[in-house]
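No hydrogens, no waters, no symmetry mates; every other heavy atom, side chains included, goes into these values. Naming convention: chains lettered A, B, ... in sequence-line order (proteins, then strands); numbering from 1 in each chain. Bear in mind that the values here come from a model prediction, so they are computed numbers and not experimental data.
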Amino acid sequence: SDQERAFQARIDRGEKIEPKEWMPEGYRKTLIRQIGQHAHSEIVGQLPEGNWITRAPTLERKAILLAKVQDEAGHGLYLYSAAETLGVSRDELLEALHSGRMKYSSIFNYPTLTWADMGAVGWLVDGAAIMNQVPLQRTSYGPYSRAMIRICKEESFHQRQGYDIMMKMCSGTPEQKAMAQDALDRFWYPSLMMFGPSDKDSVHSAQSMAWKIKMNTNDELRQKFVDQTVPQARHLGLTIPDPDLAWNEEKGGHDFTEPDWDEFYAVIAGNGPCNAERLGARVKAWDDGAWFRDALMAHAEKARARRMAAE
Amino acid sequence: SDQERAFQARIDRGEKIEPKEWMPEGYRKTLIRQIGQHAHSEIVGQLPEGNWITRAPTLERKAILLAKVQDEAGHGLYLYSAAETLGVSRDELLEALHSGRMKYSSIFNYPTLTWADMGAVGWLVDGAAIMNQVPLQRTSYGPYSRAMIRICKEESFHQRQGYDIMMKMCSGTPEQKAMAQDALDRFWYPSLMMFGPSDKDSVHSAQSMAWKIKMNTNDELRQKFVDQTVPQARHLGLTIPDPDLAWNEEKGGHDFTEPDWDEFYAVIAGNGPCNAERLGARVKAWDDGAWFRDALMAHAEKARARRMAAE
Amino acid sequence: MDQDPVVTWALRMGDNALILGHRLSEWCGHAPALEEDIATANTALDLIGQCRMWLQLAGDAEGRGRSADDLAYLRDAGAFRNLLLVERPNGDYGHTIMRQFLFDAFHLEALEAAEGSTDSRIAGIAAKARKEVAYHLERSSDLVIRLGDGSDDSAARMRAALDALWPFTGEMFVDDDADRAAADAGVAVLPSSLREGWDATVTEVLAEARLDSPGEVWQQGVTGRGGGRRGVHSEHLGGLLAQMQFLQRAYPGARW
Amino acid sequence: MDQDPVVTWALRMGDNALILGHRLSEWCGHAPALEEDIATANTALDLIGQCRMWLQLAGDAEGRGRSADDLAYLRDAGAFRNLLLVERPNGDYGHTIMRQFLFDAFHLEALEAAEGSTDSRIAGIAAKARKEVAYHLERSSDLVIRLGDGSDDSAARMRAALDALWPFTGEMFVDDDADRAAADAGVAVLPSSLREGWDATVTEVLAEARLDSPGEVWQQGVTGRGGGRRGVHSEHLGGLLAQMQFLQRAYPGARW
């Protein structure tokens, strides 16, 4: 339609789309799915780190990790707010998460087994997230773009903190170094999976790219991540668990082994090592907290009634 | 009445009273209260030790402690069975415990804070219990007497194990020795309280003594316990936390400071450090286990119906 | 027992902050609303920050070369000096809020008084912490009021929490020899002198929350040998420390 | 990775017994009936006893002077070789019973086979343990049947437990290089060879319990780098060890 063409023209000119403006239903739906999933990832992402807050090895590390998890909850808030501008409430999105209709990033279905995992999560998982998010600062939807700008600033801080943990572990005792290598071994392929399936298997991509909801292909970003991470691993003195990893002069990037996509789909389908625990923890938090949320509403209602009676 | 006089005469002759035989209502009631309270003490007494089974410092200590706690549950079983011969069911007794109408030994309302407490509980608490129980092997009620004989054998084993823990701690590092002293400091007066209030404040005693339900006065047993324990503490190299403790040549026993009876009554009234946790844990176990007990009954009923249908 | 009143006082303040901060951090990702996840983590973060300052002061004043981390991670339960109140398990979120409120009201009084300490280090830390804690109290008071005067269910939960926690409030106001030594040295005021301010705050907030004060009930840790401030804790602290200290214990000397 | 197949095999058996024994001991004083308190403690006791024998064998065969206690208390999670199944949290008592049954059925097969080990130490321990475990299986089978074919509530709980635990059964029957080395040496049979006997037991008991087998579902710890037998555990093990190892970690070198 003319409306759709005009909309696409605005996007092509680099204009931002704002909440009250007309947009195609598919654009709205795709954005809701993408922003909602990102928001869910932030709040589920608190759990693997929460597992180590109570065991953080120093007071400073404990404070840094607490601050990070708090930031993640804050990111969840920004993103749910951005999604709300598209006409979906936070409660609706959470209901979709809890019933399994909406997903969160599969990386959080892997366990955090040692303190080095706090480093690997910051370095690799936040690193991959930033790789996905930096281009989204230029996404076409205004509230989403602005949320991304705020989030990216904090995420890059988290990534540096993660790398700093890895540095400490790698320059520490042999046991610490071994923990760091083990963490890399376990998180390497799941991190590569964070960019989604290979372009040839990826659905919805072309339309999302045209709408500037997606700015790069999965494989582009994955390549960029590998190329960025390899020298960092070398600097740490760690070995990436891929015997076929090699610099390819011709393409100006690394060749590397694809992750096991069967595992990827199995984890998405609910069969990762921690899916049941993660979703279960969120559902329990929500259900256990129902009385609390209801009470705040009841109080607000009482207060309103009292004000009216007093007027 | 003649019946009562005949009953008392049997007791005076040292005969055992058996379940089906006539007995005064007061005798029955007092026994139910005393045996029930003792049974409850065994099962509540699992909790302070259960607190350390998961943290026992060696596999051997873990096994010994598990076996001990298992014995205690077994003693609970013997005692509930003995009480059942008096016409009260285990469920009725448990209901009385859970509702607070029946008590358990107040000593279990004190926390176990270090591994040395496992030693102190065995040495002092089981020691005091044995002091109470050994004479009860000669109690007038047959089933109770026989239960006591079995229990005393195991309890003295527990006491030796507790003393052995204390020995290890006292011959260990300075930190371990300090833990042992601290455990004695915390458990000394509560152990003295286990014999009940001073004879001058003790109710029901005369009748119970006549019926041979109670064989010695509280103060007699307390004195005996102090006299037995003082040399053991000396042998361990520990100091009993009573500056006024002294040998009294004339009475052939130690003079010692009475426990704080205000504290004793406060703990009985529910205000000990762990009353709420201990009773709460038992009530929770019972409530959480209702489905389990119901299911076993449902299965038995089904099996019975099937057998009948097959006949 | 440590002799320097500064050491004792700083340990008590630092351990309160550490243990309560730890308890709050157990909520991470499990709170009833995202805003509460954030606020709880924020309070925990403030408390861990304060803990670091107090424990560092304790270590410095003690002069045995122990760092804040050494004190946090290498003492066993009996050497901790926190109140029994702050080691109570979280319970439901209302229970956590009630525990926070009862402590915040005390904490603010203690810090306001400590700003007048003759020890400039104590006065300095107290001045920083006081601003954070004023906000903690504002927030926990507000939630106690909204939940106490909320639904029937929430009112019942807050009453139960108040009844369960009230026996642990008396310990905050007991003066012992260390307190008297600190007061004599001008390092801190007597805990008993904080009671009036605490009573006023608590009475006002509970009234607005339509919750009855439990009044005179038996208080834990105030008689005999008991009490967290003297190192006699509940069974809960041992389990908490087993988690908290695991890495430092399992990898002695490692740097993180 | 340990090279001697006896070491690997004994560690795997010993760690299973240790961790499951620990989980069972968490029930002490909290079981739904006094008889269950006794039976659960008894099973835990058997398992701790077996663990001591296996870990002592592992330490002896390893030849680095480590005692059973050293192995139990001074390894971090990544060095543990137990199945993921045995570190699952207890859940309700039905969940605990189902976990026990699924493991007992495997455990008995493994021990019966191990009685024929060419290593006389393994054969000897297995013969002792087998008698105990035959009784464990008898008991857990009986309870699975009674609870599965009990009330509607208990049937639903047992179905939920079976569904939740089934994905952790596949790991028991995966052959890895260490297993092949052990089989080649005649030290143990391949785990995969135990499947048939396990299937028969489980099928029979579940049928009598009127519980449907979940059939072919995704199995945990069998692909990629996962699996407790290779030292990649769940988050649950770390918390368990933090408790279990506290004293040995906090007071290194002390004797108890």
Side-chain angles (χ1 to χ4, degrees), chain A residues 39 42-63 65-67 69-74 76-77 80 90 94 114-115 165 168-169 171-173 175-176 179 278 281-282 284-300 302-303, chain C residues 18 21-42 44-46 48-49 51-52 55-56 67-69 71-73 92-94 97 143 145-158 240 243-248 250-251 253-256:
Chain A
E42 295 285 357
I43 61 168
V44 176
Q46 294 180 90
L47 300 171
E49 290 171 322
N51 183 37
W52 283 92
I53 289 181
T54 50
R55 280 178 286 169
T58 69
L59 294 169
E60 185 182 9
R61 290 288 175 203
K62 198 185 198 81
L65 193 55
L66 263 169
V69 173
Q70 190 191 14
D71 284 348
E72 283 158 5
L77 264 193
Y80 286 121
R90 196 205 300 182
L94 288 174
T114 73
W115 176 252
I165 290 177
K168 264 284 191 343
M169 300 293 282
S171 63
T173 66
E175 283 162 315
Q176 287 177 300
M179 278 188 217
R278 300 294 187 235
R282 288 307 311 169
K284 183 173 189 305
W286 186 250
D287 291 348
D288 287 355
W291 73 271
F292 174 89
R293 299 186 303 275
D294 292 346
L296 296 194
M297 302 234 293
H299 178 82
K302 276 185 186 174
Chain C
L18 176 59
H22 184 102
R23 281 283 185 234
L24 292 177
S25 77
E26 293 172 353
W27 276 106
C28 265
H30 306 280
L34 205 39
E35 288 79 359
E36 297 303 315
D37 260 323
I38 294 172
T40 298
N42 193 58
L45 199 49
D46 286 345
I48 298 301
C51 153
R52 291 175 68 187
L55 293 188
Q56 178 167 350
S67 68
D69 280 340
L71 289 168
Y73 290 99
D92 69 16
Y93 198 70
I97 292 294
L143 277 173
I145 290 165
R146 291 201 278 158
L147 296 172
D149 185 24
S151 66
D152 289 349
D153 184 14
S154 73
R157 286 170 184 264
M158 296 309 278
L240 184 158
Q243 294 292 325
M244 189 176 97
Q245 300 181 336
F246 179 74
L247 284 173
Q248 288 275 358
Y251 300 96
R255 303 189 56 227
W256 305 91

Could you grab the distance from atom [atom1] of [X] to atom [atom2] of [Y], nearest 0.5 Å is fine?
X        : Y        : atom1 : atom2 : answer
A:Met169 : C:Trp256 : CE    : CH2   : 5.0 Å
C:Glu35  : A:Arg293 : CD    : CZ    : 10.5 Å
C:Leu34  : A:Leu94  : CG    : CG    : 8.0 Å
C:Leu147 : A:Asp294 : CG    : CG    : 11.0 Å
A:Ile53  : C:Met244 : CD1   : CE    : 14.0 Å
A:Glu49  : C:Cys28  : CD    : SG    : 9.5 Å

Distance-minimising heavy-atom pair for [X] and [Y]:
X        : Y        : result
C:Gly94  : A:Trp291 : N-CZ2, 3.4 Å
A:Ala285 : C:His30  : CB-O, 3.4 Å
C:Ile48  : A:Lys62  : CD1-CD, 3.9 Å
C:Arg255 : A:Gln176 : O-NE2, 2.8 Å

Contacting region of [X] [heavy-atom separation from chain A under 4.5 Å]:
X        : value
C:Leu143 : side chain
C:Tyr93  : both
C:Ala72  : side chain
C:Glu36  : side chain

Whether the side chain of [X] engages the backbone of [Y] through a donor-acceptor N/O pair (distance < 3.5 Å, no angle test) should be reported.
X        : Y       : answer
A:Arg282 : C:Gly29 : yes
C:Glu26  : A:Gly50 : no
A:Gln70  : C:Ala41 : no
C:Arg52  : A:Leu59 : no

(request) Identify which part of A:Leu77 has an atom lying under 4.5 Å from any heavy atom of chain C, answering side chain, backbone, both or neither. (result) both
(request) Examine whether an atom of A:Glu72 lies under 4.5 Å from a heavy atom of chain C, and if so say whether it belongs to the side chain, the backbone or both; otherwise answer neither. (result) neither
For each of [options], tally heavy-atom pairs with chain A at distances under 4.5 Å, and name the one with the top tally.
options                              : answer
C:Leu55, C:Asp152, C:Asp92, C:Asp69  : C:Asp69
C:Asp153, C:Ile97, C:Asn42, C:Ile145 : C:Asn42
C:His22, C:Arg146, C:Gln245          : C:Arg146

Contact leader toward chain C among [options], where contacts are heavy-atom pairs under 4.5 Å:
options                     : answer
A:Pro57, A:Ala295, A:Ala298 : A:Pro57
A:Ile43, A:Thr54, A:Ile165  : A:Thr54
A:Ala56, A:Gly172, A:Gly45  : A:Ala56

(request) Tell me, please, which residues at least two apart from A:Asp288 pass side-chain hydrogen bond (donor to acceptor under 3.5 Å, both in side chains). (result) A:Lys284
(message) Is the shortest side-chain heavy-atom distance between A:Phe292 and C:Arg157 below 4.5 Å?
(response) no
(message) Suppose we screen for side chain to side chain contact (heavy atoms under 4.5 Å, CB included). Which residues come up paired with A:Arg55, at least two apart in sequence or across chains?
(response) A:Asn51, A:Trp52, C:Gln243
